[in-house]
Amino acid sequence: MMNDQATMPSHNKILVVGGGIGGIRAAMDLAESGRNVVLIDKSVSIGGLITQLDRTFPTNDCDLCTLSPRLSEGGRQEHIDLLTMTEVKKVSGDVGNFTVTLSQTPRYIDLEKCTACGDCFKVFPECVSFNPGLDHRAPTCMRYPQAIPQAYAIDMHKCQDVKALENVCKAGAILPQQTSKEIELEVGAVILCPGADVFDPSGLDHFEYGKNPDVVTSLEYERILSASGPTQGELVRPSDGKKPEKIAWIQCVGSRGLQKGAASYCSSACCMFALKEAIVTKERFQDSIETTIFYMDMRTFGKEYEQYRERAENEFHVNLVRSRPHSIVGDEATGGLDITFAPDDGSPSITETFDMAVLSTGFKVSESVRKMAGTMGIELNAHDFAKTDEFSPVATSVPGIYVCGLFEGPKDIPETMVQASAAACLAAKATQPAVHIDEDTLVNLPERDVSSEEPRIGIFICDCGLNIGGVVDTQNLAEFGKTLPQVAVSQVVGHGCSRSSMDIIHKTIVDEKLNRVVIGGCSPRTHETKFQDLLQRAGLNKYLVEIANIRDQDTWVHADDPEAAKQKARHLIRMATSSVKNAHPLIEHSLPMHKEILVVGGGVSGMTTALSLADQGFKVFLAEKAPQLGGLAGRIKKTIEGRDVPVFMEALTQKTLQHPGIEVIFNAIIVDHTGMPGMFKTGLQIAPQMYYRQIEHGVTILATGALQNRPETFLLGENPAVMTQLDMDTLLEEDLDRIKAMRTVAMIQCVGSRCPENQNCSRICCQSAVKNALRLLDINPDMRIFVLYRDMRTYGFTEDYYLEARKRGVIFVRYEKDAPPQVRPEKDGIEVTFVDPILGQSLALSADCLCLSTGLVADDEASEDLAMIFRLQRTGEGFFLEDHVKLRPLDLSTPGFFVAGTAHSPKNIKECIADAQAAAGRAQTLLAKNSIELGAAVARVDSNKCAACLVCVRACPFDIPFINADGYSEIDPAKCHGCGVCAAECPAKAIQLMQFEDDQILAKLDGLLERMVA
Amino acid sequence: MKQFEPVIVAFCCHYCAYTAADMAGSKRLSYPANVNIVRVPCSGKVDAIHLMKAFEKGADGVYVAGCLEGDCHFKNGNTKVARRVAYVKKLLDEIGIGGERLEMFYMSAGMGERFARVATEMTKKIRKLGPNPTKAMSTGNQGEAVA
Amino acid sequence: MITAERKPLEEIIDSVKPFQRILLVGCNECVTVCAAGGRKEVGILASALQMNFMKAGQTIDIKELTLERQCDPEYVEELSTHMDQVDAVLSMACGCGVQEIARRYKDKPVLPAVNTKFMGASERQGVWAERCQGCGDCLLGLTGGICPIARCSKRLLNGPCGGSTNGKCEISPEVDCVWQLIWDRLKALGMEDRYEDIMPAKNWQTGRGGGPRKIIREDLAE
C-alpha cells in the first residue's frame, strides 16, 4: 500500500486527490468494489482536517480512530496505492482515458524501512516533520496512534549534519539523495476531495485575533481540547496557562459576508461545531465553566441535530445569545476579554468579560486547490467551489472528474461521506463496467495440514517502537517465551505489523515449520485480521494465531511500574501460548452471492439508485407501493436554482421504466423477509389481485421517502388562503393570475417542526420559503412578503438566495417559540398577528395568502412496518437509523441494508440524488464479491453429548438452533452470530464456540495461574 | 510485610469491555497490573464453570465485564451472564470462598476511564479480602475430567 | 421427565468427607435437561468440592464422568474401569441411577448428590413443575388433561375444596387450584357435563399402595 511508485496496470485505475475523510471513503469504496485506486495527498500522512479534531458531533467520538484502522484491513490495501506529499500538476485526456502528471516532494525516508521509532526525531527534532493530529511525541496522544503511512518525513533544508542523521536511523531508512519526481499515470476517472481551508481571521482588527493569544479559532480550540494537542488535553488559557472560567464562541467569522474578506455563503457546520466544543468543554472539564455562543441563526439542520442543540441548552446549560458581537477587546488589567454586543431585543449594548474567545471560522477554497482546478479545466462557482448541477451533485463540468466534500460546498462529515460514496459510484461507472474480482487475489501457500503434528509454537514480540520496548525489555520477554513448553521459536520482531517484520515472521513460520503462532503486540481488535492473513500466506490456517495484547493492556497502562508491566507481559504471553496449543484449524464457510438488488420506493432516490446500479450491469427490482413512479419529488416544480423538476423527473422515470436491468414492480407491499446479506428473500404482495411474489436479492436499499407534513394548524385545510410551500410551488406554475392578484403574502416557518410533536428541523423549509418568495416576486414584483421565522437555516450556498430575498424587499421577522404568530380568517384572506422582537410590539397584517413551511415527516406507518419486517432500527421520529451518524450515514446497522433520500431524514432533491448514488456505491462494495464469507467462530454441537434439552433453542438471541430430525440440536453455521451464549448455557456441555472453546479459555487461565504450571 | 498482590481475572466481551480496556490503554490510564483480561466474543459466553475454574486454579478475584444494559451486541448476553454470576456467587459463599470475590460490571466501548476505575476498585477490594482461601494451605491435588 | 435438584453443598461435602478418591458421575438424560446433574453440573460440583477441601489444606481426587443414562446396566458398566481407582461414587443422577450403580458395584459406597423431586414438565426456561405421580391408573381423560392427583394439594378427585379462592389453592397464592384449571379447560372444550359426574374412590393399588411395581413386557423380556 505504501509504494513509492504506482505500479499497477492502468485500465480501471481511479485517481483520488486528497486523503481526508472523504478521499479515504471514496478510495475504500472503490477498492472494495474491485477498482484500483491511487490516493494522493499533499501532506506527509493522510487524514486531512479531521486529524485535527478532538471529537465530532453528535456522538462526541473520535472518527479517525474508527475509520483509519479499516484502511489497512485485509485485501483493500492491495487495491490502493498511497502517494503522500504528492500533488496534481496536469491532467489531459478524456473520461476513461486521462493522463495525469503528479509531482512528489521528497520525504527523504524509505517508507519500506521506516518503523516510526522516533529516533531521528529525538536527536534532530528540528528537521523531522510530523502531522499535528498524529504527533508521535505526545505520550498520551492519539486514541488511534497509527499515522498512515506510519513514517516520518525529513525536512532536508533544516538538516545541518546529514551524515549524523543517517547514522541515527538504525533501520537505514533515511535517503538524503531522494529528489522530487514526476509521476505519470493513466487513469479512467478522477475524484477530487482536496478539502478546504478555514478562514484566516488575522485581518479582523476588532477581534484581536493574532494579537491576543486568548482569541483562538475553533480549530485551534479543538487542538487545545485534544489529548494529542499542545496542552495534552488540559484546558488552559494560552496567555497565562490559567483555567478559563468563561468562554465565548463567535459564529459566522468569515462566513455569511460579515467581515472584511468573508465569503457570502454559510459554512454549514460551524453552529454544530461550536455546540460540540461547548458541550465537550462542559463534559470533559468542569460544568462550572460558563460557555456562551454568540450566533445569528442557530443552524442545526441535520438529522437529530436540533435535539443536540436542545441538550446543549437544557442539559449542559450552554448560553446561546443571538447577537453579533461588535468587538473583542483585551483587558490588560484583568487579562480578560471584553466582548461588546447588542442583545437582539433592541436594548443597549452590553460588555461582558470572558477568559477566552473562540472564533467559529468558516471554510474557504484554498488558492492551491483553485489553481489545480484551473489546470484541470474545471468550472468553479462564484465562490471558487467546484460547480455542480442540482441534478448531478458530484459531477464537475469535466466529464470523468468528480468532486466530493468541502470542495463541492461547505458541509458536514456525513454529507462528505455520502458524496464520497456517490463519487466513487460514478467514477467506477465511468471507467469500466463492474469488474467482479475474486477477493482472494493474494498468493497464499497451500494450507498445511497440522492436525497430526505436536504443537510447535512461535512467539513474536513486537517492540512497537517505544510503545512496548520503552517499558519492558522485549528481548528478555522473548527469552522468557523460550522457556515455555512446546515453544520452538521466540524472538523480537520490531514493529510486527511492518512489512519487513511480517516477512520475517512469514519466513520463520515456513523455515521452522511452526504450526502455532503467538504475537505479543497490540490489540487483536485492530490487528488480528492482519496476522491471520499473514498465517494464511505462510500456509497455516488463520485460526492458529493468538495475540497477546501487551501494548494496549500492559505497557500503555503500566508504564509507571515497569516491574509489574514485565510480570504482566509474561502472564499475557504465557496465557496466549497455553491457549494457542489448543487452537485448531477452522474452515470458513462461504455461500454464493446473489447480485440482485431490491430497491424499495420509486421516488427520485429509488430511481436514481436503481439506475446507478443497473447501468453497471446489476439486476434491480424496484418495488413501489403506488401505481406510478415519482414519489414526493414528482410533485415539485422548481428547485431553488430554478431548475425544472418535472422535466427531470419525466426523463428519470422513462429511463427507469425502459432500462432492461430494472424491473419495476408497482402496487407492491413488502410482507416478509428472510436471509442474510448476499442471499435475502423478500416476499411482496402485489395489488390489486394481491398475489404473492418472492424476490431473491443480495442487497436491499430503502428509498421509501417521507411525507409532506400537513399539521392541522394555522387554518391549514380550513381556509383556502392557507397552503403549504409545496402547494405554493404548484400554484406558482399553474395559477399565475392568482399570484398576480396577491398583494401580501405571509409565510410561517417551522410549522410542525422543532415542536413537541416533531422535534426535528425539517432542513428544507427555509430554502423552500426563500425559493418561493423569490419566484413570487419574479411574477409580481410589487408583492409584499413577510417571512416569520425562528432561525433562517439557509445553509451553504442557499444563503445567497436568502440575501437576494432580503435585497429584493422580502421582510424576515423572527418569532419566539413561545410566542408563535396568531392567525384569524378575514374576508379574502388571513390576518396574521406577530410580535416584532426589535420593536417589542405586536403587529398585525392582512395577507392574501398564508404559506406554511411544514417540511417533511417520516412515513411512520410505512417505516414501522418495514422496520418490523426487515428488523431495522428507527429514530424516535420514524426515520431509518443509520449505523453510524458520521461515518456510515447510509449503511443501516443490519448488514446488507442501505437507506437513501428522505427515508433517512428530510433533504432536498440534490441531496437525495447524492444519497442515491452513494447508496448504490455502498451496495457495490458488497456486490463485488462473488461469495459471502462467513466467519468460522460459530457454535458447533457434539451430537453424541446433546441431550436435546432445548436450552440452546431457548437461549439463542437469534433463534438459530433447532432440534433436528435426528433428535439433537443443530446450529446453522451460516446463521450463527458467534456469541457463544448457547455454549455457556448447555447443561450437557455439548456445544463449543469455535475459536473460543472451553479448553482454550481454561488453558488461558492455566497460563495465568501459576499453580497449575508449577 | 509485602503488600498482597492478588491475581484477578477479567472476562471481557470483545465489543465493549475489551474495547474499553484498549481505550484505557490509548488514553494511558493506569490501573493495577493485577487485572488480566480474557477476551470472549460476548460476556454471555462466560460459563459458570469458567468462573469456578478460575477460582479453583487460584484466582483471587474474578469479574465479568459486558456491555451496558440494552447495548449487548448479541441482544442480552450481558443480562444472561449476570444471572450466572449471581448463582456462582452463592456457590462460592456456600463453600467459603466468598461470593464477593466475583463481580459483574457493565461498560461501553468508549468507557476507558470506567474500565480503569473498575480494575482499580476490584483490585483494592480483593487486596482487602486477602488471598483466595484455597491457596492458604498447600497446593491441591488436581483431578481430571475423563468425559 | 424426572426432575431433581442438587443437594446443599454442605450435605454433599459431609457425605464425601470420609473418602479420598471420588468418582463423580453425571447422567445425560433427565437430570441434564433439568440442570441438576448433567456434564456441566458435574464440572461445577467437582470444582466446588475441590476448592472446599483445598481451603482446608486437604486434597481430594475427583474424577468426572457423565453417562448417557445411569438407569441402564450397559451404561453403568462403563464405570467398571474406573472403580478400582476410587473410594466412592458420587452420583448426580436421580434415585434410579444411584441404585443401579449400587446394584452393579457392590463393594463401593454410592452417594447421591441430588434430591430427586418429581415427574414434571418445564414451564419455561429454568422452571419445572410437578405433573405426574405415577399412580398407575391414569384418569387424565376425565379431567381435561390436567391431573388432580399430582397437582391438587389434597389429591381430591371431586374438587375443588373450600380452600379454593380466586383460582388459587389455600396452601399458597403461588399454587393454582387444579380444579379451577380443570373446570376452565372442560368449559373451553364444551365438556362441562363431565364435571358433574362424581368420580368414584380411586384404586390406589395400582400406585405405591400396592407395593413396589414392575413392568414386564413379555414380548421383549428375555
Side-chain angles (χ1 to χ4, degrees), chain A residues 59-61 65 139-145 227 233 522-526 549 551-561 563-565 567-568 571-572 575 579 937 945 955 957-958 977-986 989 993 995-996 998 1001-1002 1004-1006 1008-1012 1014, chain B residues 5 7 9 11-15 18-19 21-50 53-59 62 72-77 80-81 84 109-110 112 115-116 119 132 134-135 139-140 142 147:
Chain A
T59 52
N60 294 2
D61 284 341
C65 307
T140 59
C141 94
M142 307 172 287
R143 279 174 300 278
Y144 184 76
C522 59
S523 179
R525 281 176 42 252
T526 50
N549 191 345
R551 187 187 74 179
D552 303 38
Q553 297 179 0
D554 185 21
T555 57
W556 272 0
V557 286
H558 309 313
D560 52 341
D561 187 352
E563 182 53 31
Q567 286 310 325
K568 186 162 173 187
H571 279 159
L572 293 172
M575 283 164 82
S579 166
K945 288 183 176 172
F958 307 99
H977 292 228
C979 66
V981 163
C982 56
E985 300 238 325
C986 174
K989 299 267 44 146
L993 180 68
Q995 211 191 346
F996 293 94
D998 286 327
I1001 290 177
L1002 294 178
K1004 272 200 184 139
L1005 296 176
D1006 288 341
L1008 170 65
L1009 300 156
E1010 310 192 15
R1011 185 160 62 187
M1012 285 296 286
Chain B
E5 288 299 346
V7 179
V9 178
F11 291 99
C12 292
C13 82
H14 175 88
Y15 289 95
Y18 193 88
T19 309
D22 280 354
M23 196 68 86
S26 42
K27 290 186 181 168
R28 310 298 196 276
L29 303 168
S30 125
Y31 54 84
N34 309 60
V35 173
N36 296 278
I37 296 171
V38 175
R39 184 170 66 113
V40 283
C42 170
S43 57
K45 167 75 186 77
V46 180
D47 196 323
I49 296 187
H50 300 151
K53 287 283 177 192
F55 284 108
E56 186 188 332
K57 289 171 193 290
V62 176
C72 175
H73 210 79
F74 303 103
K75 293 187 185 170
N76 56 2
K80 284 196 165 101
V81 75
R84 265 173 247 152
F115 182 88
N132 177 342
T134 66
K135 292 196 291 195
T139 51
Q142 300 299 319

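Quantities reported herein were computed from a predicted structural model and do not represent experimental measurements. A note on names: the letters A, B, ... follow the listed sequences, proteins ahead of strands, and every chain is numbered from 1.
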Q) Which answer fits A:His977, side chain, backbone, both or neither, if we ask what part of it has an atom under 4.5 Å from a heavy atom of chain B? A) both
Q. Can you tell if the side chain of A:Leu1008 reaches within under 4.5 Å of the side chain of B:Lys57, non-hydrogen atoms only?
A. no
Q.
Working to the nearest 0.5 angstrom, can you tell me the gap between A:Leu1009 CG and B:Asn36 CG?
A. 8.0 Å
Q.
Please classify the contact between B:Arg39 and chain A as side chain, backbone, both or neither, with a heavy-atom cut-off of under 4.5 Å.
A. both
Q | Carboxylate-amine/guanidinium proximity below 4.0 Å for A:Asp998 and B:Lys45 | A | yes
Q | Reported CG-to-OH distance for the pair A:Asp560 and B:Tyr31, which is rounded to 0.5 angstrom | A | 11.5 Å
Q. What is the minimum heavy-atom distance between B:Gly44 and A:Ala984, and which atoms define it?
A. O-CB, 3.2 Å
Q.
Out of A:Gly980, A:Pro957, A:Cys979, return the one with the most heavy atom pairs under 4.5 angstrom to chain B.
A. A:Cys979
Q | Distance-minimising heavy-atom pair for A:Ala955 and B:Lys80 | A | O-NZ, 2.7 Å
Q: Pick one of side chain, backbone, both or neither for B:Tyr18, based on which atoms fall under 4.5 Å of a heavy atom in chain A.
A: both
Q: Name the member of A:Asn549, A:Leu572, A:Val557 that forms the most heavy-atom pairs with chain B at distances under 4.5 Å.
A: A:Val557
Q. In Å and rounded to the nearest 0.5 Å, what is the CZ to NE2 distance from A:Phe996 to B:His50?
A. 11.5 Å
Q) With a 4.5 angstrom heavy-atom cut-off, which part of B:Ile37 approaches chain A: side chain, backbone, both or neither? A) both
Q.
Quick check on A:Ala559 against chain B: is it the side chain, the backbone, both or neither that has a heavy atom closer than 4.5 Å?
A. neither
Q | Interchain contact, A:Leu1002 with chain B, by part (heavy-atom threshold 4.5 Å) | A | both
Q: Please round to the nearest 0.5 Å and tell me the distance separating atom OG of A:Ser523 and atom CE of B:Met23.
A: 10.5 Å
Q) What part of A:Asp561 gets closer than 4.5 Å to chain B, counting heavy atoms only: side chain, backbone, both or neither? A) neither
Q) With a 4.5 angstrom heavy-atom cut-off, which part of B:Ser43 approaches chain A: side chain, backbone, both or neither? A) neither
Q) Most heavy-atom pairs under 4.5 angstrom with chain A, which of B:Ala24, B:Ala33, B:Ala54, B:Gly77? A) B:Ala33
Q. When heavy-atom pairs shorter than 4.5 Å are enumerated against chain A, which of B:Pro41, B:Cys42, B:Ala21 gives the highest number?
A. B:Pro41
Q: Please determine, among A:Gln995, A:Lys989, A:Lys1004, the option with the most heavy-atom pairs under 4.5 Å with chain B.
A: A:Lys989
**Q.** Under 4.5 Å from any heavy atom of chain A - which part of B:Val40
**A.** both
